[in-house]
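Heads up, the thing below is written out as C-alpha cells.
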Amino acid sequence: MTVDGRVTLVPLGREFYLRPTLAVAADLVGKVLVHRAPRGVTSGMIVEVEAYVGERDPACHASAGPTARNLPMYGEPGHAYVYLNYGVHALFNIVTEAAGCPAAVLVRALAPLEGLALMRRRRARYRGASRMPDEALCRGPGNLARAMGITLKHNRIDLCGSPLSVEDRGFSPGPLVWSRRIGISAGAEKMWRCSVAGHRSVSAGR
DNA sequence: CGTTCGATGCACT
DNA sequence: GTGCATCGAACGT
C-alpha cells in the first residue's frame, strides 16, 4: 500500500523467489495472485501452499533428475511450472531457490478477491458452481487453476512481468500452520505445507 | 455426516 | 502399460 492508500500494482521481484523454498512458501501466504486475462481480472490472497524441494525430496517431480516435464523447475525462479495431473487438473507451481536447483511452491488455495463472477463462470462446467460459497471457488489446486483461468499454456511464464503475477497488498493473513503435504505417499512425513490457520478457503485440515 | 470410485491425459518406465 | 502434488458424484451410515 502506498502512503495515499492506493494499492500498488508492482509484482514481486525476482529476488523474492531467489531464496530457500520454505521461506518463499511461508512468505507467499498472504500475497495476492493476479491474472489479468482478456476475459477479465481475477485475484485472490494465497492461503495454502506446499514446498517441493530438490532432487532429494521424493515427492518432488525432480526426484529422478531433469526430464522434459520438470525442466521449468531447473530454470529461473519466479517462473511458473504448470503440469497436468490425473489427466484433468492443471496444477500451478512457482519456481524457487536458484537456477539449477529444482524446487517450487505449489499454490493450493486462495481467498478470492476480484473477479468472483468470472471465477464462477469458469467453474460452471461443474454442477452446483452457482450456489457454491465464495470461499470454495479457489479451494484446492485444481479448482484454483480453473477459477483463475490458469492452463498448461501458462507453463514457463515469467511471473515478474506477465498477465500472471503475485503482488504484495499488505495483507496480514493471520497465524500460519505447517502440516503434511496432501495427496503424496513418498516424503509424506515432511511438514512442508503452509496455510493460514483455520481459514475457510484452505482445502484440508481446517 | 462418511467413504469409495471413475474420469482423463500424459510423462515416464 | 502404469501411476499420478485431484475432484465430485454416488453411494452407505
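When reading the values below, keep in mind they use all heavy atoms of this one structure, side chains included, and skip hydrogens, waters and symmetry mates. Numbers restart at 1 for each chain; the letters A, B, ... are given by sequence-line order, proteins then strands.
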For nucleotides 6-10 of chain B, give me every protein contact, N/O to N/O, under 3.5 Å, one pair per line with atom names.
{"from": "dT8(B)", "atom 1": "O2", "to": "Tyr86(A)", "atom 2": "O", "distance (Å)": "2.2"}
{"from": "dG9(B)", "atom 1": "O4'", "to": "Gly87(A)", "atom 2": "O", "distance (Å)": "3.3"}
{"from": "dG9(B)", "atom 1": "N3", "to": "Gly87(A)", "atom 2": "N", "distance (Å)": "3.4"}

The side chain of Tyr81(A) is closest to which nucleotide in this list: dT6(C), dA5(C), dT13(B)?
dA5(C)

d(NZ, Lys190(A); P, dA5(C)) in whole Å
16 Å

Asp57(A)/Arg181(A) ion pair, N-O < 4.0 Å
yes

dA11(B) OP1/OP2 closer than 4.0 Å to side-chain N/O of His61(A)
no

Can you tell me how far C1' in dC10(B) sits from the matching atom in dG8(C), rounded to whole Å?
22 Å

When you look for runs of 3 or more Watson-Crick or G-U pairs in a row, both distances below 3.5 Å, which of them include DNA chain B?
B:1-7 with C:6-12, B:9-12 with C:1-4

For Trp178(A) and Ser195(A), what are the C-alpha separation, side-chain angles and deciding distance, and is it a side-chain contact (heavy atoms from CB on, under 4.5 Å)?
CA-CA 7 Å; Trp178(A) 291 92; Ser195(A) 59; over 6 Å; no

So, OP1 or OP2 of dA11(B): does either fall under 4.0 Å of a side-chain N or O from Asn70(A)?
no

Report the distance from atom CD of Glu50(A) to atom P of dT6(C), rounded to the nearest whole Å.
7 Å

Remaining members of Tyr74(A)'s ILVMFWY cluster at a side-chain heavy-atom cut-off under 4.5 Å?
none

Starting from P on dA9(C), measure out to CE on Met132(A) and report it in whole angstrom.
9 Å

Atom-pair distance (CD1 on Ile182(A); P on dC7(C)), nearest Å
9 Å

With distance as the sole criterion, is a donor-acceptor pair present between the side chains of Ser201(A) and Arg139(A) under 3.5 Å?
no

I need the OH-C1' distance between Tyr83(A) and dG3(C), as an integer number of Å.
12 Å

State which residues pass ring pair (Phe, Tyr, Trp, His ring centres under 6.0 Å) with His35(A); sequence neighbours excluded, sorted by chain then number.
His154(A)

Just call it for Arg69(A): base, sugar-phosphate, or nothing, with non-hydrogen atoms closer than 4.0 Å on any strand.
sugar-phosphate

Check whether NZ of the Lys or CZ of the Arg Arg19(A) lies under 6.0 Å from the centre of the six-membered ring of Phe16(A) and within 45 degrees of that ring's axis.
yes

Is the distance from OP1 or OP2 of dT6(C) to the nearest side-chain N or O of Arg108(A) less than 4.0 Å?
yes

Atom C1', compared across dC5(B) and dG3(C): separation rounded to whole Å
16 Å

Residue pairs passing the salt bridge (charged side-chain N to carboxylate O under 4.0 Å, His left out) test with at least one member in residues 62-79 of chain A, sequence neighbours excluded, are Arg14(A)-Glu76(A)

Apart from Leu91(A) itself, what residues make up its hydrophobic cluster, given side-chain heavy atom links below 4.5 Å?
Tyr52(A), Met73(A), Tyr81(A), Tyr83(A), Val95(A), Leu106(A), Ile184(A)

Rounded to whole Å, please give me the gap between CG in Leu91(A) and C1' in dC4(C).
11 Å

Electrostatic pair Glu48(A):Arg193(A) at N-O distance under 4.0 angstrom:
yes

For the pair made of CZ in Arg123(A) and C1' in dT6(C), what is the distance, rounded to whole Å?
11 Å

What integer distance in Å separates Arg181(A):CZ from dT6(C):C1'?
17 Å

Quantified in whole Å, what is the P atom distance between nucleotide dT2(C) and nucleotide dG6(B)?
16 Å

Ignoring hydrogens and geometry beyond distance, is a side-chain donor-acceptor pair present between Glu97(A) and Thr21(A) at under 3.5 Å?
yes

